[in-house]
Number of protein chains: 2
Amino acid sequence: MPSSRIDPASDRSVYRQIADILRGKIESRELPPGGQLPSESSIVADYEVSRVTARRALSVLVTEGLVTAEHGRGWFVRRQPPVRRLSSDRFARRKEGKAAFTVDMEANKRAFAVDVLYIGRGAVPAGAAEKLGLDADAEVIIRRRRYLAEGQPIEYATSYIPLDIADGTPIAEPNSGPGGIYARMEDQGFVFERYDEEITARMPSEEEARILTLPVATPVLHLVRTAVASGRPVEVCDTVMDAAAFVLFYSLPAR
Amino acid sequence: MPSSRIDPASDRSVYRQIADILRGKIESRELPPGGQLPSESSIVADYEVSRVTARRALSVLVTEGLVTAEHGRGWFVRRQPPVRRLSSDRFARRKEGKAAFTVDMEANKRAFAVDVLYIGRGAVPAGAAEKLGLDADAEVIIRRRRYLAEGQPIEYATSYIPLDIADGTPIAEPNSGPGGIYARMEDQGFVFERYDEEITARMPSEEEARILTLPVATPVLHLVRTAVASGRPVEVCDTVMDAAAFVLFYSLPAR
DNA sequence: AAGTGGTCTAGACCACGTT
DNA sequence: ACGTGGTCTAGACCACTTT
């Protein structure tokens with residue numbers, strides 16, 4: 001009888017005790033990913049609490065990112081997205097006419113897909129303008145796409161490329177050809193020198209949560225990469241990733 | 001009269017409408033960081049809702065990381081912690097007898113402090129054992145400390161160093177001497193080759209939230225660094241950071 | 001129709017902080 | 001003593017999903 005494990009006189013509030021019990025069952029896999037939790041009414045009956053208290057216990061687990069509710073169906077343990085490992089040599093490995101993302105996903109043996117959301121001209125945002133050395137009101141080629149792994153959206157990326165490099169070239173087209181946009185820049189004679197990456201983590205905006213179909217209480221990794229070739233910044237790529245789906249690797253030489 | 005802005009017949013629930021209004025005041029700085037929100041009872045009066053609904057509105061803002069409650073005092077807009085920028089050359093800059101953290105904080109012109117939480121022998125955790133090439137039941141020297149910037153805890157770091165390197169040396173002492181533990185390893189003849197870093201972001205555990213005094217719904221950056229010197233891993237450093245307090249920089253050569 | 005979650009109310013008692 | 005947030009109850013009505 002589960003209610004025997006609840007101590008109303010405890011310092012720990014009843015809703016937290018119920019959350020602890022459910023969390024334990026999730027961690028022990030007694031409730032596996034995708035599995036259904038007891039309904040609110042059965043929690044009310046089992047633990048002899050009000051419905052508000054039962055829901056409060058569940059909301060603790062929502063905040064921890066462990067469970068989600070489906071209206072009319074029930075409460076379920078969240079499935080973890082497949083993890084993608086991004087190595088710092090992912091651009092060095094860009095070979096054989098394949099884009100970095102493709103190389104990376106093949107290295108991880110994952111089924112993947114790309115949604116093209118927008119490709120064309122647009123105004124450059126302030127941060128990217130500064131990094132590209134452009135005026136605040138400049139136009140650039142914008143490439144916005146969403147990456148999916150095994151059907152789940154995991155990454156939302158926007159590239160900004162100066163018009164003098166991209167306009168009228170395959171870089172401004174949905175299909176930029178073998179090797180991706182970096183290969184097209186190399187075709188133009190650009191020699192890549194380095195990629196500067198800036199990483200933060202935060203909670204997603206409402207729009208980001210919608211695009212990545214993130215439940216509440218799941219953070220994102222935000223990576224802004226500036227590609228530098230032949231002495232000038234040639235691309236700023238702003239990437240928002242479902243944090244649960246990524247591990248980033250960097251190897252730094254000591255000297 | 002604020003209640004005029006609430007439409008009970010709207011598709012958007014009452015508690016979300018109240019949360020929207022309060023969020024707007026926070027974003028517009030009408031309610032500045034550190035400022036006090038209206039009390040629950042005044043929300044009840046102003047918007048003519050029950051206390052449960054008022055609290056639900058506030059809990060939305062808690063989940064978004066915008067506000068916190070202080071028992072007996074009221075609801076307050078969260079202060080953002082000072083941001084610390086971590087460059088990928090932070091170890092290369094380790095010079096003049098100063099530890100990396102010190103160099104880094106001075107470069108950022110921040111007041112900082114270090115709490116030493118534990119220094120001594122202990123069992124190596126599984127992940128660190130694998131990275132160090134040790135048996136799962138091996139003992140290591142553990143250095144656990146907490147870093148504060150301008151009084152706020154922002155980082156919680158634990159280093160694991162094999163006994164044959166650290167035991168009986170200043171590395172196993174609270175004060176490891178000028179230049180920190182890496183300088184002591186260099187004294188022993190180790191030549192540093194590289195630092196491998198593995199970055200993830202996630203919600204903190206309850207313990208991590210307590211140590212970093214994080215409110216709920218604020219993510220952490222988790223960085224695991226393996227230092228490699230003279231052909232062997234000499235330290236694994238596991239760092240949990242308040243994500244709001246950090247920007248990580250990496251510069252990757254293209255070839 | 002029955003079961004599930006989503007929203008909301010009116011009230012109660014307790015614990016913390018300030019006056 | 002008073003105002004603040006923290007926890008909890010018993011009930012209501014609605015919307016969505018499944019049978």
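Remember, it's a predicted structure, so these values are computed and weren't measured experimentally. All chains are named by letter (A, B, ...) in the order of the sequence lines, taking the proteins before the strands, and each is independently numbered beginning at 1.
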Practice problem: Considering only heavy atoms of chain A and a distance under 4.0 Å, specify the first and last nucleotide of DNA chain C in 5' to 3' order that meet this criterion. | Solution: dG3(C) to dT7(C)
Quiz prompt | Residues Glu235(B), Arg143(B): salt bridge by 4.0 Å N-O rule | solution = no
Quiz item: Atom NE2 of His71(A) to atom C1' of dT18(D): distance rounded to whole Å?
Solution: 13 Å
Quiz prompt | Expected output: side-chain Arg225(A) to main-chain Leu223(A) donor-acceptor under 3.5 Å | solution = no
Quiz item: Starting at the 5' end of DNA chain D, which residue's closest nucleotide do you reach first, Gly72(A) or Arg12(A)?
Solution: Arg12(A)
Quiz item: Okay, side chain of Arg146(B), backbone of Pro153(B): is any donor-acceptor separation there less than 3.5 Å?
Solution: no
Self-check item: Pair Glu197(B), Tyr250(B): side-chain N/O donor-acceptor within cut-off below 3.5 Å
Solution: yes
Exercise. Look only at the side chain of Gln17(A) and the backbone of Arg12(A), and say whether a donor-acceptor pair between them is shorter than 3.5 Å.
Key: yes
Quiz item: Rounding to a whole Å, what distance do you find between Glu70(A):CD and dT18(D):C1'?
Solution: 13 Å
Exercise. Round to a whole Å and report the spacing from CD of Glu40(A) to P of dC16(D).
Key: 16 Å
Quiz item: Does any non-hydrogen side-chain atom of Arg56(B) lie less than 4.5 Å from one of Ser13(B)?
Solution: no
Quiz item: Counting just side-chain N and O atoms, does Trp75(B) come under 4.0 Å of either OP1 or OP2 of dG5(D)?
Solution: yes
Practice problem: Nearest-nucleotide wise, let me know which of Val52(A) and Arg73(A) is further upstream toward the 5' end of DNA chain D. | Solution: Val52(A)
Quiz item: Is the shortest side-chain N/O distance from Ser41(B) to OP1 or OP2 of dT4(D) below 4.0 Å?
Solution: yes
